[in-house]
There are 2 protein chains.
Amino acid sequence: MAANRAVGKGGAAPLPRYLEIQRDLSAEITSGTWGPGSRVPPEHELQARYQCSRMTVNKALSALAHAGLIVRRRRSGSFVASPTSQQMVLKIHDIQAEVAAAGMSYRFEILDRLVRRPDAEDRARLGRSRSGGRVLALTLVHFANGTPFVHEERLIDLLTVPEAEAEDFSAAPPGSWLLNRVAWTDAEHVIAAIPAEARIAKALAIARKSACLQIERRTWQGGVPVTWALLTYPGDRHRLTSRFGPAQGLMALAAE
Amino acid sequence: MAANRAVGKGGAAPLPRYLEIQRDLSAEITSGTWGPGSRVPPEHELQARYQCSRMTVNKALSALAHAGLIVRRRRSGSFVASPTSQQMVLKIHDIQAEVAAAGMSYRFEILDRLVRRPDAEDRARLGRSRSGGRVLALTLVHFANGTPFVHEERLIDLLTVPEAEAEDFSAAPPGSWLLNRVAWTDAEHVIAAIPAEARIAKALAIARKSACLQIERRTWQGGVPVTWALLTYPGDRHRLTSRFGPAQGLMALAAE
DNA sequence: ACGGTTTATTTGTCTATACATAATCGCGGT
DNA sequence: ACCGCGATTATGTATAGACAAATAAACCGT
């Protein structure tokens with residue numbers, strides 16, 4: 001018999017079979033009917049219950065495993081995972097795009113620009129093991145509707161991105177420029193709240209020591225450092241938000 | 001012919017066929033050889049190149065699409081996605097577990113506890129549409145090694161979690177208690193930097209207006225509000241970190 | 001009772017094939 | 001030129017069957 005999901009409910013949107021199974025199972029799990037550690041029916045049983053092939057069941061279960069809702073072990077079976085931690089996904093947009101998306105005008109100003117041999121601090125910031133070469137150090141401020149939006153300190157490793165030395169960043173800020181030029185494979189983010197130091201307070205036109213949200217980002221390309229950025233947002237003008245659901249990362253699957 | 005991946009390279013770990021394809025393609029993309037917008041070879045072509053069935057190629061491409069590295073459109077083909085935004089994944093641990101994991105002693109203190117009919121602010125905080133019922137409002141402080149670690153304000157919707165009213169939270173703090181009792185399906189996080197107001201500064205034993213990292217979390221169970229929490233961390237004692245790679249969420253796939 | 005061997009179960013991967021669906025392309029009629 | 005319609009292409013979903021790998025459970029000889 002060929003692919004005929006004629007089993008369908010009367011009308012509207014005949015949800016694919018594997019998504020139907022996936023949804024049913026994730027409902028059992030997130031509703032708490034099946035508690036952590038309890039056993040999920042094995043594939044052949046679900047196959048019988050849903051009257052479909054094992055591959056279809058497998059697709060559903062693999063997706064649940066990938067989303068972290070269940071754990072699968074050969075011969076033992078599949079089990080509901082214990083929710084030890086919540087997971088939140090933050091999308092970090094390019095600053096220029098972010099400002100534009102909010103319908104505000106964008107512009108930026110480079111306060112300082114320097115090419116130097118990396119000192120110990122620079123190497124630590126870049127997450128760099130090798131020595132030698134040079135780095136490009138930039139300080140800039142991004143404006144939204146004319147008011148300071150975020151202060152940026154950036155280091156670019158010229159061993160990895162030599163063409164940055166000749167770039168004057170008149171067309172695009174270094175963040176966007178890099179994003180469109182260099183592929184990254186690893187990134188590390190640190191988020192903290194800090195009081196604005198004098199230099200930053202002045203650049204952002206806020207009071208000294210007022211609360212700021214600081215995002216530090218390190219980026220690598222296959223183990224080789226690319227860039228380091230320290231973004232400082234006035235605390236009362238910026239927040240990171242993230243909506244998340246259903247069930248630890250399944251949303252992407254359910255939406256596809 | 002049956003499943004015989006005898007094509008294998010001589011020795012060590014015969015990586016599954018679909019992962020091999022996936023790795024090859026993601027290498028082309030993250031290395032920048034295939035720039036954003038460029039076309040990925042169609043399935044039948046990869047099938048010929050790798051001498052395998054279309055299902056195997058499809059599995060690799062679906063995974064890449066799911067990871068956000070490529071975009072697939074029927075009839076048009078698959079294309080390298082434009083990296084418009086970075087994605088960061090933060091794991092939010094239970095506070096008790098987090099403190100314990102750092103090898104510090106843990107304890108908490110409930111400063112205030114009140115059951116009331118929800119006012120407008122409570123309803124907004126919970127993301128609640130229906131009216132009626134009551135909420136449990138709690139204020140507490142968590143300590144690590146005897147020093148204040150985080151201040152927590154919490155609302156629990158007693159329409160959704162009626163058993164919370166009888167609970168005195170002597171065994172576990174409300175966050176852990178809820179996590180082990182109520183399944184959530186949706187969550188929203190907002191991260192901001194704020195100056196400590198007098199009440200919080202006092203509870204955390206820090207100076208007024210000093211920078212704090214604030215995490216606001218709203219949790220639902222299938223559209224019904226469960227709880228709202230406002231966690232305030234002294235800025236100099238806490239930071240959120242996240243390591244991420246390679247390539248926008250593929251790490252989970254590559255590791256499986 | 002103990003330790004090694006066989007068996008059975010469950011998941012993991014793969015094939016070959018089929019039909020469905022979306023969307024682009026080009027053809028032909030007006 | 002323009003619009004509609006069929007042909008083509010690429011992906012999306014599904015099937016039935018096969019073998020591989022891991023490992024828990026049963027078996028068996030000492």
Side-chain angles (χ1 to χ4, degrees), chain A residues 1-9 12-23 25 38-67 69-81 252-256, chain B residues 1-9 12-23 25 38-67 69-81 252-256:
Chain A
M1 187 211 306
N4 182 9
R5 93 176 79 100
V7 207
K9 33 217 22 179
L15 201 65
R17 211 87 176 79
Y18 77 96
L19 277 183
E20 191 187 329
I21 300 173
Q22 197 175 313
R23 259 205 347 188
L25 298 181
S38 58
R39 180 159 193 186
V40 175
E43 296 188 351
H44 66 83
E45 200 171 306
L46 292 171
Q47 173 184 357
R49 181 189 305 176
Y50 284 96
Q51 285 292 299
C52 66
S53 75
R54 189 165 80 88
M55 276 297 290
T56 304
V57 172
N58 185 282
K59 192 168 182 178
L61 289 172
S62 298
L64 290 174
H66 184 250
L69 279 187
I70 65 174
V71 172
R72 316 194 74 194
R73 277 199 309 277
R74 276 178 180 162
R75 159 76 221 219
S76 308
S78 304
F79 302 87
V80 176
L253 298 169
E256 98 180 342
Chain B
M1 188 213 306
N4 183 8
R5 95 176 77 99
V7 206
K9 34 220 14 178
L15 201 65
R17 211 87 176 82
Y18 76 96
L19 277 184
E20 191 188 329
I21 301 173
Q22 196 176 313
R23 259 204 348 189
L25 298 181
S38 58
R39 180 157 194 189
V40 175
E43 297 188 350
H44 66 83
E45 201 171 305
L46 293 170
Q47 172 185 357
R49 182 188 307 175
Y50 285 96
Q51 284 292 299
C52 65
S53 76
R54 189 166 78 89
M55 275 300 289
T56 302
V57 172
N58 185 280
K59 191 168 182 176
L61 288 172
S62 299
L64 291 174
H66 183 249
L69 279 189
I70 64 173
V71 172
R72 313 195 76 195
R73 276 198 311 276
R74 278 179 180 161
R75 158 76 220 217
S76 308
S78 303
F79 302 87
V80 176
L253 298 169
E256 98 181 344

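Every chain is numbered from 1, with letters handed out A, B, ... down the list of sequences.
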> Among C/dT13, D/dA10, C/dT11, which nucleotide has an atom closest to any side-chain atom of A/Met55?
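Given the options C/dT13, D/dA10, C/dT11, the side chain of A/Met55 is closest to C/dT13.
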> Starting at CZ of A/Arg73 and ending at C1' of D/dA24, how long is that distance when rounded to a whole Å?
11 Å
> Do B/Leu25 and B/Leu46 have side chains that approach each other closer than 4.5 Å (heavy atoms only, starting at C-beta)?
yes
> Under 4.0 Å: is that the gap between some side-chain N or O of B/Lys59 and OP1 or OP2 of C/dC14?
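It does not, given that no N or O in the side chain of B/Lys59 lies less than 4.0 Å from OP1 or OP2 of C/dC14.
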> Nearest to the side chain of B/Arg72, heavy atoms from C-beta on, is which of D/dA14, D/dA10, D/dG12?
D/dG12
> After noting the C-alpha distance and the side-chain angles of A/Thr56 and A/Glu20, does the key distance pass the side-chain contact (heavy atoms from CB on, under 4.5 Å) rule?
CA-CA 10 Å; A/Thr56 304; A/Glu20 191 187 329; over 6 Å; no
> When the distance from CG of A/Leu64 to P of C/dG12 is rounded to whole Å, what number comes out?
12 Å
> Which is more 5' along DNA chain C, the nucleotide nearest B/Arg74 or the one nearest B/Thr56? Just name the residue.
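Mapping each residue to its closest nucleotide by heavy atoms, the 5'-most match is B/Thr56.
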> Taking atom CZ of A/Arg39 as the centre, report whether more than 12 heavy atoms of other residues, nucleotides or ligands fall under 6.0 Å from it.
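Above 12, so yes.
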> Quick one: is B/His44 getting a side-chain N or O under 4.0 Å of the D/dT9 phosphate, OP1 or OP2?
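Checking D/dT9 against B/His44, no side-chain N or O comes under 4.0 Å of OP1 or OP2.
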> In terms of side-chain heavy atoms of B/Tyr18, which of C/dA16, C/dT11, C/dT13 is nearest?
C/dT13
> Any side-chain to backbone donor/acceptor pair from B/Arg17 onto B/Ser53? Under 3.5 Å, distance only.
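No, B/Arg17 side chain to B/Ser53 backbone: no donor-acceptor pair under 3.5 Å.
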> Mind calculating the distance between CD1 (B/Ile21) and C1' (C/dC14) to the nearest angstrom?
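One finds 11 Å between C1' of C/dC14 and CD1 of B/Ile21, rounded.
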> Between C/dT21, C/dA18, D/dA18, spot the one nearest the side chain of A/Arg54, thanks.
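That would be D/dA18.
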> Measure distances between side-chain N and O atoms of B/Arg75 and base N and O atoms of D/dT8, and say whether any donor-acceptor pair falls under 3.5 Å.
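Check passes, donor-acceptor contact within cut-off.
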> Could you tell me the separation between the CD atom of A/Gln51 and the P atom of D/dA16, rounded to a whole number of Å?
9 Å
> DNA chain D: A/Gln47 or B/Leu61, which has the more 5' nearest nucleotide?
B/Leu61
> Output the distance between atom CE (A/Met55) and atom NZ (A/Lys59), rounded to the nearest 0.5 Å.
8.0 Å
> Just how far, in rounded Å, is P of D/dT15 from CD of A/Glu43?
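It is 13 Å, rounded to the nearest whole Å.
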> Would you say A/Ser78 places a side-chain N or O within less than 4.0 Å of OP1 or OP2 belonging to C/dT11?
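A/Ser78 to C/dT11 OP1/OP2: side-chain N or O found under 4.0 Å.
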> For A/Ile70 and C/dT10, what is the distance between atoms CD1 and C1' respectively, to the nearest whole Å?
13 Å
> Using whole Å, report how far CG of B/Asn58 lies from P of C/dA18.
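Going from B/Asn58 (CG) to C/dA18 (P), I get 18 Å.
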> So if I take every side-chain heavy atom of B/Ser76 and compare against C/dA23, C/dT10, D/dT11, which nucleotide ends up nearest?
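The nucleotide sitting nearest to the side chain is C/dA23.
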> Taking atom C1' of C/dT15 as reference, at what distance in whole Å does atom CG of B/Leu46 sit?
17 Å
